[in-house]
Amino acid sequence: MEKLRTVRGVHDLMPDQLHKHNIVINTGLDISEKYNYSQIEIPIFEFAEVFTKPLGKSSDIVTKENYVFKDRSEDELMLRPEGTSGAVRAFLNAGLVQDLPQRFSYYGPMFRYERPQKGRLRQFKQLGVECLGLSNFMSDIEVISLGYDFLEKLNISDKIELKINTLGDFDSRKDYRAALVNYLKDYQSKLSGDSLKRLWTNPLRILDSKSEVDKKIIRDAPNILDYLNFQSKTRFESICKGLDYLNIKYKIDKNLVRGLDYYCHTTFEFITNELGSQGTVLAGGRYDGLSKILGGTDIPGVGWAAGIDRLALMIENKFVNKIDVILIGQTENTNFLLLPIMKKLTQKGFKSEIIYTGSIAKKFKKANKMKAPYAIILGEEEINQNLIKFKDLKTGSEELLNLNQAINKLKK
RNA sequence: GCGGGUGUAGCUCAGUUGGUUAGAGCGCGGGUUUGUGGUACCUGAGGUCGCCGGUUCGAAGCCGGUCACUCGCCCCA
């Protein structure tokens with residue numbers, strides 16, 4: 001170690017930042033709980049195949065963005081790049097298939113070996129919810145509504161747009177995929193390199209391409225909405241209707257395709273333009289195929305994950321370490337007498353601090369810098385009368401009180 | 001993984017075409033006599049100029065590499 005530092009894309013959270021993260025986390029867990037989602041905690045690393053199987057061998061996360069390693073018993077393990085796979089695995093392991101539906105929330109660090117940017121770290125935190133065992137479209141509306149309420153509670157819903165799309169069921173998707181490949185085949189010479197590779201592996205992703213040439217080609221490509229079978233189509237319409245009932249504004253984006261293979265039907269993304277190019281702040285969709293891919297029974301699911309770091313960048317709350325009262329003693333000896341006073345204040349629920357050193361003037365200066373509203377001063381005079389001096393640092397007024405009287409003043 | 005920008009004190013930044021002991025503001029510590037803060041004044045600490053190498057009599061400034069951050073691409077939360 002030539003220099004003391006964190007590894008690339010991995011950051012410390014100092015008090016003011018952590019405070020914002022905790023606001024995001026607590027808000028998310030709290031609103032989830034109100035929607036009857038119970039918090040779970042799952043491992044930070046798993047057998048690699050927990051992630052490689054569902055995410056698809058061709059996905060970027062599996063091919064180049066993962067942290068894989070072998071432990072001492074030669075098991076191939078992976079730091080989790082996302083939460084859904086682990087959550088569904090945990091759900092299957094716990095045998096909850098017998099007791100449906102199940103609604104979970106979780107949060108914690110995820111790991112992806114990507115090029116760091118603002119709002120994109122190698123260790124980052126997500127908060128997610130999963131609703132398992134319901135295929136009814138109402139559950140799609142439910143999770144979107146939960147996501148929206150979350151952002152609304154954070155006071156940022158006005159800076160965020162909801163985009164929504166459907167991939168249809170697996171039959172519709174298959175038909176559409178064939179039509180899309182058929183259309184794109186004729187443009188092979190013009191497509192960007194990345195898109196050309198995806199033409200045979202994951203053609204739907206081409207719809208998401210930012211290449212100007214690709215965009216032009218895509219403009220006239222077949223529309224997925226035209227390839228939906230009846231059930232898929234009415235399902236999507238019902239979801240939109242539900243959002244209308246909730247007064248949640250959305251934009252249908254037929255090119256919105258989730259990067260991970262296990263999605264079907266609904267996909268959605270809450271996007272902001274305040275964070276530069278990393279604008280996705282909460283995203284998810286339906287993943288009916290996932291539990292089967294993992295080797296369990298076929299259980300439908302829908303959920304989302306939110307980027308805690310990104311949301312924390314968006315909320316205004318400045319961290320103020322608000323102290324209730326500062327304790328000032330005249331001498332080293334009076335500091336001893338302040339100890340039981342501080343203990344009493346602590347028991348009563350007040351935050352206080354004894355300033356140990358310096359002249360009285362110095363101690364007041366410090367109290368002032370800490371923006372303490374009140375000070376308790378203990379010196380010879382007070383000790384003789386068995387009282388304390390209680391000072392309002394805003395007005396400057398002082399009075400001699402006993403401790404209980406002072407505590408009553410603090411309560412106001 | 002690809003392309004652009006940046007890197008001087010805890011923070012925000014100066015530093016002239018390379019030229020002695022690298023500066024300011026804010027913040028931090030101490031002080032302006034006896035038990036009282038917010039203002040003012042005095043004073044102090046803190047930098048191997050991201051790191052390594054090269055050019056030069058001499059590099060914070062030039063060149064190369066490297067690391068980190070940042071912007072865009074890719075991808076995604």
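In what follows, chains are A, B, ... by sequence order, proteins preceding strands, each numbered from 1.
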Exercise for the section: Could you give the distance separating B:G37 and B:U32 at their P atoms, to the nearest angstrom? Expected result: 12 Å
Practice task
Identify the nucleotide, in any strand shown, that forms a Watson-Crick or G-U wobble pair with B:C73, with both distances under 3.5 Å; if there is none, say none.
Solution key: B:G1
Exercise for the section: Examine distances only and state if a side-chain atom of A:N165 and a backbone atom of A:T267 form a donor-acceptor pair shorter than 3.5 Å. Expected result: no
Handout entry: Gap in Å between the two C1' atoms, one belonging to B:U33 and one to B:G38, rounded
Key = 22 Å
Fill in the blank from the handout: Considering only heavy side-chain atoms of A:K369, the closest of B:C28, B:C75, B:G31 is B:C28
Practice task
Using a 4.0 Å heavy-atom cut-off across all strands, classify A:G119 as base, sugar-phosphate, or nothing.
Solution key: base
Practice task
May I ask you to evaluate whether A:K366 reaches the phosphate of B:G29, defined as a side-chain N or O under 4.0 Å from OP1 or OP2?
Solution key: yes
Practice task
Write down the distance between CZ (A:R112) and C1' (B:G1), rounded to a whole number of angstrom.
Solution key: 16 Å
Completion exercise
In whole angstroms, the gap separating P of B:G72 from CZ of A:R120 amounts to 10 Å
Problem - Distance, rounded to the nearest Å, where A:K394 contributes NZ and B:G37 contributes P - result: 18 Å
Handout entry: Base of B:U32 paired with side chain of A:K365 (donor-acceptor, under 3.5 Å)
Key = yes
Problem - Distance, rounded to the nearest Å, where A:K389 contributes NZ and B:G37 contributes P - result: 13 Å
Handout entry: Separation between the P atoms of B:U12 and B:U70, rounded to whole Å
Key = 13 Å
Problem - Lys NZ or Arg CZ of A:R122 over A:Y113 ring: under 6.0 Å, within 45° - result: yes
Practice task
Would you indicate, yes or no, if B:A68 has its OP1 or OP2 atom less than 4.0 angstrom from a side-chain nitrogen or oxygen of A:R8?
Solution key: yes
Exercise for the section: Identify whether any heavy atom of A:G329 sits under 4.0 Å from a base atom; if not, whether one sits that close to sugar-phosphate; answer base, sugar-phosphate or nothing. Expected result: nothing
Fill in the blank from the handout: The answer to which of A:G279 and A:L275 contacts RNA chain B further toward the 5' end, by nearest nucleotide, is A:L275
Practice task
Ignoring hydrogens and angles, answer whether the base of B:G35 and the side-chain atoms of A:E382 contain a donor-acceptor pair closer than 3.5 Å.
Solution key: yes
Problem - Any donor-acceptor N or O pair under 3.5 Å, side chains A:Y37, A:E142 - result: yes
Problem - C1'-based separation of B:U17 from B:G30 [nearest Å] - result: 43 Å
Practice task
Just call it for A:L127: base, sugar-phosphate, or nothing, with non-hydrogen atoms closer than 4.0 Å on any strand.
Solution key: nothing
Problem - Rounded P spacing from B:C51 to B:C11 in Å - result: 15 Å
Exercise for the section: Give a yes/no answer on whether the side chain of A:H11 brings an N or O atom under 4.0 Å of OP1 or OP2 in B:C69. Expected result: yes
Handout entry: A:R89/A:E46 ion pair, N-O < 4.0 Å
Key = yes
Exercise for the section: Tell me what A:G128 touches on the nucleic acid: a base, only sugar-phosphate, or nothing, going by heavy atoms under 4.0 Å. Expected result: nothing
Problem - B:G10 and B:U48, which share atom name P, separated by this distance in whole Å - result: 8 Å
Problem - Per A:L393 side chain, nearest of listed nucleotides B:G37, B:U36, B:A77 - result: B:G37
Exercise for the section: Please state the P separation for the pair B:G47 and B:A24 - nearest whole angstrom. Expected result: 15 Å
Practice task
Using the closest heavy atom to pick a nucleotide of RNA chain B for each, name whichever of A:Q278 or A:T357 lands nearer the 5' end.
Solution key: A:T357
Practice task
Using whole Å, report how far CD1 of A:I271 lies from C1' of B:C75.
Solution key: 14 Å
Exercise for the section: Report which part of the nucleic acid A:I326 touches: base, sugar-phosphate, or nothing (heavy-atom distance under 4.0 Å, all strands). Expected result: nothing
Problem - Donor/acceptor link under 3.5 angstrom from A:R115 side chain onto base of B:C76 - result: no
Handout entry: Backbone N/O of A:E380 and side chain of A:Q330: donor-acceptor pair under 3.5 Å
Key = yes
Exercise for the section: Quickly work out the A:Q117 CD to B:G1 C1' distance and round it to whole Å. Expected result: 13 Å
Completion exercise
Which of B:U36, B:C76, B:G37 is nearest the side chain of A:N368? It is B:G37
Handout entry: Identity of whatever pairs with B:A40 - Watson-Crick or G-U, under 3.5 angstrom
Key = B:U32
Practice task
Nearest whole angstrom, please: distance from the C1' of B:A77 to the CG of A:L151.
Solution key: 12 Å
Completion exercise
B:C57 -> Watson-Crick or G-U wobble partner, both distances under 3.5 Å, gives B:G19
Exercise for the section: Report the base-pairing partner of B:A24 (Watson-Crick or G-U wobble, both distances below 3.5 angstrom), or none. Expected result: B:U12
Practice task
Classify the nucleic acid contact of A:A283 as base, sugar-phosphate or nothing, counting any heavy atom under 4.0 Å across all strands shown.
Solution key: sugar-phosphate
Exercise for the section: Verify whether one side chain among A:Q278 and A:Q117 offers a donor that lies under 3.5 Å from an acceptor in the other. Expected result: yes
Exercise for the section: Could you check how far CD1 of A:I388 sits from P of B:U36, rounded to whole Å? Expected result: 18 Å
Exercise for the section: Answer yes if the side chains of A:T84 and A:E130 hold a donor-acceptor pair under 3.5 Å, and no otherwise. Expected result: yes
Practice task
Could you give the distance separating B:C73 and B:A59 at their C1' atoms, to the nearest angstrom?
Solution key: 36 Å
Problem - Row check, A:F364 ring normal vs A:K391 NZ/CZ: under 6.0 Å, within 45° - result: yes
Handout entry: G-U wobble or Watson-Crick pairing nucleotide for B:U66 (cut-off 3.5 Å, both distances)
Key = B:G50
